[in-house]
Amino acid sequence: MTIAIGCDHAGIELKREIVSLLQELRIECLDYGTDTPQSVDYPDFGEKVSKDVSSGKVERGILICGTGIGMSIVANKFPGVRASLCNELFTAKMSRLHNDANILVLGGRIVGRDLAKEIVRIWVSTPFEGERHAKRLQKITFIERRIRDNGV
Ligand code: RB5
């Protein structure tokens, strides 16, 4: 599995921690920055990661901004992206089991380092349950295609 990762200035410390965790877990990581505390716009970095997930270049993505809200909004514009804002362990687990989330979003100003690392550990190792949940995801795909072809 390859994971693309990106953040804005509010997520640089957490991103650094997560990149080393992924290395420790021997998970290939594509790091799109940002890497400096200079203020940047989260859509620019959200787009890079979401594009890779949407196109199938990578299997998963991780995005970090201050709250995680802005990155979630951006990521979920991309076809096939199921981005979940998980600032605690339960939603991290459920986002994989029930939603087959392919982008994990974290709030760099909300979660501490150790909690964030635990969230990532759970998120990368929890499988999708499938069955009734797969049918629901299929419905999301149909909605996406309908909007693409006919508008809202
Ligand atoms: C940047 O100050 C902040 O707005 C951004 O990191 C994020 O929280 C947006 O949702």
Side-chain angles (χ1 to χ4, degrees), residues 1-25 27-126 128 133 136-137 139-141 143-148 151-152:
M1 167 164 64
T2 302
I3 297 185
I5 189 164
C7 66
D8 72 359
H9 51 282
I12 48 169
E13 275 143 39
L14 222 50
K15 180 166 73 60
R16 209 173 294 135
E17 295 289 343
I18 292 170
V19 167
S20 19
L21 173 65
L22 294 175
Q23 277 162 358
E24 209 178 283
L25 297 174
I27 295 175
E28 199 187 334
C29 176
L30 261 181
D31 186 350
Y32 282 113
T34 188
D35 295 304
T36 62
Q38 188 192 334
S39 181
V40 292
D41 299 328
Y42 62 81
D44 299 333
F45 296 86
E47 182 179 12
K48 292 175 205 277
V49 169
S50 307
K51 226 185 211 172
D52 276 9
V53 174
S54 187
S55 70
K57 182 176 174 188
V58 299
E59 291 85 359
R60 306 249 200 118
I62 297 178
L63 286 169
I64 311 157
C65 63
T67 57
I69 296 171
M71 287 294 200
S72 304
I73 295 171
V74 175
N76 281 310
K77 302 287 178 203
F78 286 77
V81 164
R82 294 177 298 278
S84 304
L85 173 54
C86 304
N87 284 328
E88 37 68 39
L89 301 174
F90 183 71
T91 48
K93 186 172 170 194
M94 296 311 288
S95 77
R96 290 291 313 135
L97 288 175
H98 286 193
N99 311 107
D100 198 16
N102 48 18
I103 294 191
L104 167 68
V105 189
L106 294 161
R109 290 177 179 153
I110 300 197
V111 287
R113 183 194 60 187
D114 290 351
L115 176 57
K117 286 168 82 173
E118 198 53 33
I119 289 170
V120 171
R121 278 181 192 279
I122 286 180
W123 191 76
V124 296
S125 61
T126 305
F128 177 46
H133 306 295
R136 293 163 186 161
L137 296 188
K139 288 195 173 190
I140 296 174
T141 305
I143 293 170
E144 233 170 41
R145 292 195 185 142
R146 213 169 54 225
I147 294 172
R148 180 195 64 195
V152 288

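On a predicted model such as this, the values are computed, not experimentally measured, just so you know. All values below come from the heavy atoms of this structure, side chains included, with hydrogens, waters and symmetry mates left out. By convention here, the first residue in the shown sequence is residue 1. First listed ligand is number 1; within each ligand, the first listed atom is number 1.
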Quiz item: Can you find a non-hydrogen atom of Met71 under 4.0 Å from ligand 1?
Solution: no
Tell me the protein heavy atom at minimum distance from [atom], and give that distance in Å.
{"atom": "atom 4 (O) of ligand 1", "answer": "Tyr42 CE2, 4.7 Å"}
{"atom": "atom 1 (C) of ligand 1", "answer": "His9 NE2, 3.7 Å"}
{"atom": "atom 3 (C) of ligand 1", "answer": "Arg109 NH1, 3.9 Å"}

Quiz item: Would one find more than 12 heavy atoms of other residues, nucleotides or ligands at under 6.0 Å from atom CD of Glu13?
Solution: no
Exercise. Answer yes or no: does atom NZ of Lys93 have more than 12 heavy-atom neighbours from other residues, nucleotides or ligands under 6.0 Å?
Key: no
Quiz item: Hey, is ligand 1 close enough to Gly70 that some N/O pair sits below 3.5 Å?
Solution: yes
Practice problem: Using distance alone, decide if ligand 1 has a nitrogen or oxygen within less than 3.5 Å of any nitrogen or oxygen in Gly66. | Solution: yes
Practice problem: Give every residue pair that meets the ring-ring contact (aromatic ring centres under 6.0 Å, His included) criterion with at least one member in residues 35-57, sequence neighbours excluded. | Solution: none
Self-check item: Beyond-backbone contact of Asn102 with Val81, side-chain heavy atoms, under 4.5 angstrom
Solution: yes
Quiz prompt | Ser84 side chain vs Cys86 backbone, donor-acceptor pair below 3.5 Å | solution = no
Quiz item: Under a 4.0 Å heavy-atom limit, does Cys65 contact ligand 1 with its side chain, its backbone, both, or neither?
Solution: both
Exercise. Check Asp8 against ligand 1 and report side chain, backbone, both or neither, counting heavy atoms closer than 4.0 Å.
Key: side chain
Quiz prompt | Option with minimal heavy-atom separation from atom 8 (O) of ligand 1, where the choices are Leu85, Thr67, Ile110 | solution = Thr67
Quiz item: Hey, are Asp35 and Arg16 close enough for a salt bridge, meaning a charged N less than 4.0 Å from a carboxylate O?
Solution: no
Practice problem: I would like to know whether Ile103 and Met71 meet side chain to side chain contact (heavy atoms under 4.5 Å, CB included); could you show each step before the answer? | Solution: CA-CA 10 Å; Ile103 294 191; Met71 287 294 200; over 6 Å; no
